[in-house]
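Computed from a predicted model, the values in this text were never measured in an experiment. Just so we're on the same page: letters track the sequence lines, and every chain starts at 1.
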Protein chains: 2
Amino acid sequence: MSQTTVSRAINGFPEVSEKTRQVVLEAAAKHNYKPNTRARRLATGKSMTIGHLVSVSKEYELVNPIFADFIAGASARYAQSGYDLLLSLVPDEDEFTSYKELAARSTVDGVVVHAPRVDEQRIAQLNSLNLPFVVHGRSSNTPEKYNWVDVNNERSFFRATQLLIELGHTTIGLINGMAGVDFAVRRTQGYLRALKENNIELANAYVTHSEMTEPNGYKNALALLDLPDPPTAIVTSSIIMAHGIKRALDERELKLGRDVSVITHDDDLSYFRDAAAVPVYTATRSSVREAGRLSADLLLKTIADPSRDPEGILLDADLILGSSTKPPRLR
Amino acid sequence: MSQTTVSRAINGFPEVSEKTRQVVLEAAAKHNYKPNTRARRLATGKSMTIGHLVSVSKEYELVNPIFADFIAGASARYAQSGYDLLLSLVPDEDEFTSYKELAARSTVDGVVVHAPRVDEQRIAQLNSLNLPFVVHGRSSNTPEKYNWVDVNNERSFFRATQLLIELGHTTIGLINGMAGVDFAVRRTQGYLRALKENNIELANAYVTHSEMTEPNGYKNALALLDLPDPPTAIVTSSIIMAHGIKRALDERELKLGRDVSVITHDDDLSYFRDAAAVPVYTATRSSVREAGRLSADLLLKTIADPSRDPEGILLDADLILGSSTKPPRLR
DNA sequence: GACAATATCCAAAGCGCTTTGATAAATTTA
DNA sequence: TAAATTTATCAAAGCGCTTTGGATATTGTC
């Protein structure tokens with residue numbers, strides 16, 4: 001039997017009779033034969049691989065735990081379509097070089113861009129490389145067209161802040177992610193808009209920016225509590241920071257909700273699912289795993305049809321009421 | 001200039017003169033030429049890829065956040081040696097099938113096995129596939145030889161429990177990971193040995209097993225606190241669970257340390273680094289990122305020389321004193 | 001039953017590199 | 001200066017598939 005027939009039988013082409021196909025498949029099963037990945041990729045000219053480059057800052061050396069859930073969502077879709085997932089942690093200064101290499105060597109058929117900044121260089125660069133990509137998040141100051149999947153950060157944080165104001169809070173802190181990262185900027189905008197619409201003016205010191213770690217949540221909460229007029233409510237960008245905030249409140253013998261209200265953004269991470277009937281934290285919730293799925297779908301569609309117009313998918317976070325928000329105590 | 005010369009110039013073979021090499025390299029740089037990954041892999045017969053299969057249980061759908069840090073450690077080493085990292089989340093019932101496929105198609109040159117069970121089937125299976133691998137963890141009941149990198153879990157939890165006993169605690173709970181997973185079993189053994197050596201007998205109810213999530217830490221802590229004779233100290237397997245335990249203590253208006261002592265295992269996750277001068281939690285600490293690095297080194301060595309005898313690397317966790325452990329209060 | 005149409009199958013080319021074995025040029029040795 | 005080495009380069013084979021363009025066998029049509 002010829003190689004051609006075997007190849008067609010295995011890959012489901014119609015040119016081969018059902019009978020022959022069965023014979024081939026049985027023989028393949030018997031010898032545990034599977035077409036060699038490397039040869040197949042060379043012959044087809046496709047890498048059948050999606051790259052996820054996660055940039056790691058030299059100073060911080062952090063790996064954002066939301067990647068685990070995002071990738072879990074994406075990975076399932078890739079598997080369904082026969083794609084592999086290539087994960088690479090690169091020092092952030094090497095990031096574009098890495099993309100260029102992936103493209104030049106054609107190691108991957110597409111990439112996902114994580115944590116875009118407000119003025120994200122990578123997007124124009126990737127467009128010029130002609131490598132299909134999807135951005136998880138958006139980049140406010142980037143005129144280019146590109147595929148993206150994002151949460152409505154501005155609106156979410158507007159609503160969160162608005163809710164606190166409606167409860168009677170007027171001194172509200174924001175413990176946000178790193179300055180310059182797009183989602184953090186949009187969240188600050190939403191927070192500021194709510195204050196403004198309610199004629200509340202607050203000093204810049206009520207907003208902090210840092211990597212979203214537990215220790216940073218703690219440290220920044222203490223800083224806010226040490227202000228001359230400490231906030232009675234705090235909005236924060238991550239449930240991990242919320243845990244740090246909680247620790248700061250404990251240390252100051254303040255009770256979450258009663259003494260200080262907290263609203264957090266909740267990515268619905270599998271290890272921190274706040275799924276009680278009444279959640280611990282009032283939260284703007286949006287599953288990052290779902291975002292991973294959608295990003296993967298979008299990328300696979302773009303790879304299948306590269307002439308496709310870039311698309312943006314905007315997810316709306318739910319505002320979930322928990323027990324961490326109450327009206328402010330009278331002073 | 002012939003293909004041969006170009007190939008040799010780029011890959012640093014000595015058969016080409018320095019002058020020619022420079023000419024080639026300059027031309028390559030000018031046209032941004034990089035050898036095609038697919039073609040190179042087919043020609044060399046190597047995939048230059050390491051697979052990490054993370055099994056995801058259908059019921060839980062959890063992604064252990066320690067993978068993020070483990071992989072961060074491993075990824076750096078792979079990059080140094082020119083290897084790519086293939087990440088695949090597979091439903092646990094399909095796991096062996098996935099390994100078999102990777103081997104048959106020779107998609108990867110080696111794999112890392114995560115979260116081995118006490119009686120881990122995958123090890124014998126992988127040995128039979130002749131696919132180089134390293135286990136992160138060990139498998140107590142597996143007679144096979146294999147490469148592994150593990151923490152001294154038994155000893156760590158023995159020391160942790162011993163410390164609590166020395167402080168005067170006699171009723172000590174253990175909030176552990178899933179039953180059957182090797183590290184959890186060894187930790188229970190260490191805990192039980194310390195109790196036994198100090199002639200302390202406790203009912204089975206003082207040990208709980210579950211996925212290491214925050215909500216499970218909370219739930220299991222409440223269960224322990226509801227026992228007729230509640231523990232004055234708790235040992236737990238993850239800093240994420242420790243946060244859940246803390247929440248349970250808050251709810252019961254018990255103070256961490258003063259009312260209930262807690263010792264946790266601390267993987268030194270980048271988002272939960274407990275690095276204050278006096279850490280919040282007394283902990284058995286061992287960097288999972290370092291484990292990732294060591295696993296990668298071991299795997300790459302094995303791939304380079306497949307006849308190499310399997311090696312085991314045993315890391316000792318540090319016992320770090322924090323402020324979550326105090327002598328028990330008098331009742 | 002002759003011819004067209006269709007269903008099956010196959011030989012060979014090609015994917016873009018690495019590597020082997022050979023040749024030509026430069027250098028050393030006698 | 002001729003022969004023996006060494007150095008520098010190249011032509012061609014091959015990695016294990018997919019795919020193209022034919023060839024052959026089968027079926028259908030009038």
Take B/Arg122 and B/Tyr99, measure what side chain to side chain contact (heavy atoms under 4.5 Å, CB included) needs, and give me the verdict at the end. CA-CA 9 Å; B/Arg122 288 174 287 174; B/Tyr99 282 122; 3.7 Å; yes

Could you check A/Asp309 against A/Lys145 for salt bridge (Lys or Arg N to Asp or Glu O under 4.0 Å), going step by step and ending with a plain yes or no? CA-CA 8 Å; A/Asp309 277 338; A/Lys145 294 255 173 224; over 6 Å; no

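Heavy atoms from other residues, nucleotides or ligands lying under 6.0 Å from NZ of B/Lys46 number 12 at most. For NZ of A/Lys100, the number of neighbouring non-hydrogen atoms (other residues, nucleotides, ligands) closer than 6.0 Å is 12 at most. Within a 6.0 Å radius of CD in B/Gln121, no more than 12 heavy atoms belonging to other residues, nucleotides or ligands are found.
For the salt bridge (charged side-chain N to carboxylate O under 4.0 Å, His left out) test, residues two or more places apart in sequence or in another chain that qualify with A/Arg21 are A/Glu18. Under the rule for a salt bridge (charged side-chain N to carboxylate O under 4.0 Å, His left out), the partners of B/Asp182 that lie at least two apart in sequence or sit in another chain are B/Arg186. Residues passing the salt bridge (charged side-chain N to carboxylate O under 4.0 Å, His left out) test with B/Arg40: none are found, sequence neighbours excluded.
Taking five base pairs at each end of the helix from C/dG1-D/dC30 to C/dA30-D/dT1, the local helix axes there meet at an angle of 40°, rounded to 10°.
A/His136 pairs in a ring-ring contact (aromatic ring centres under 6.0 Å, His included) with only one of the listed residues (A/Tyr146, A/Phe67, A/Phe70), which is A/Phe70.
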Please enumerate all protein N or O atoms sitting under 3.5 Å from an N or O of nucleotides 15-18 of chain C, with distances to 0.1 Å.
{"from": "C/dC17", "atom 1": "OP1", "to": "B/Tyr33", "atom 2": "OH", "distance (Å)": "3.2"}
{"from": "C/dC17", "atom 1": "OP1", "to": "B/Asn36", "atom 2": "N", "distance (Å)": "3.4"}
{"from": "C/dC17", "atom 1": "OP2", "to": "B/Tyr33", "atom 2": "OH", "distance (Å)": "3.4"}
{"from": "C/dC17", "atom 1": "O5'", "to": "B/Tyr33", "atom 2": "OH", "distance (Å)": "3.1"}
{"from": "C/dC17", "atom 1": "O5'", "to": "B/Asn36", "atom 2": "N", "distance (Å)": "3.2"}
{"from": "C/dT18", "atom 1": "OP1", "to": "B/Asn11", "atom 2": "ND2", "distance (Å)": "2.8"}
{"from": "C/dT18", "atom 1": "OP2", "to": "B/Ser7", "atom 2": "OG", "distance (Å)": "2.4"}
{"from": "C/dT18", "atom 1": "O4", "to": "B/Gln3", "atom 2": "OE1", "distance (Å)": "3.4"}

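Of the residues in residues 14-30 of chain A, those lying under 4.0 Å from DNA chain C by heavy-atom distance are A/Glu15, A/Val16, A/Ser17, A/Thr20.
Nearest heavy atom pair, residue B/Ser270 against residue A/Thr213, reads O-CG2, 4.0 Å.
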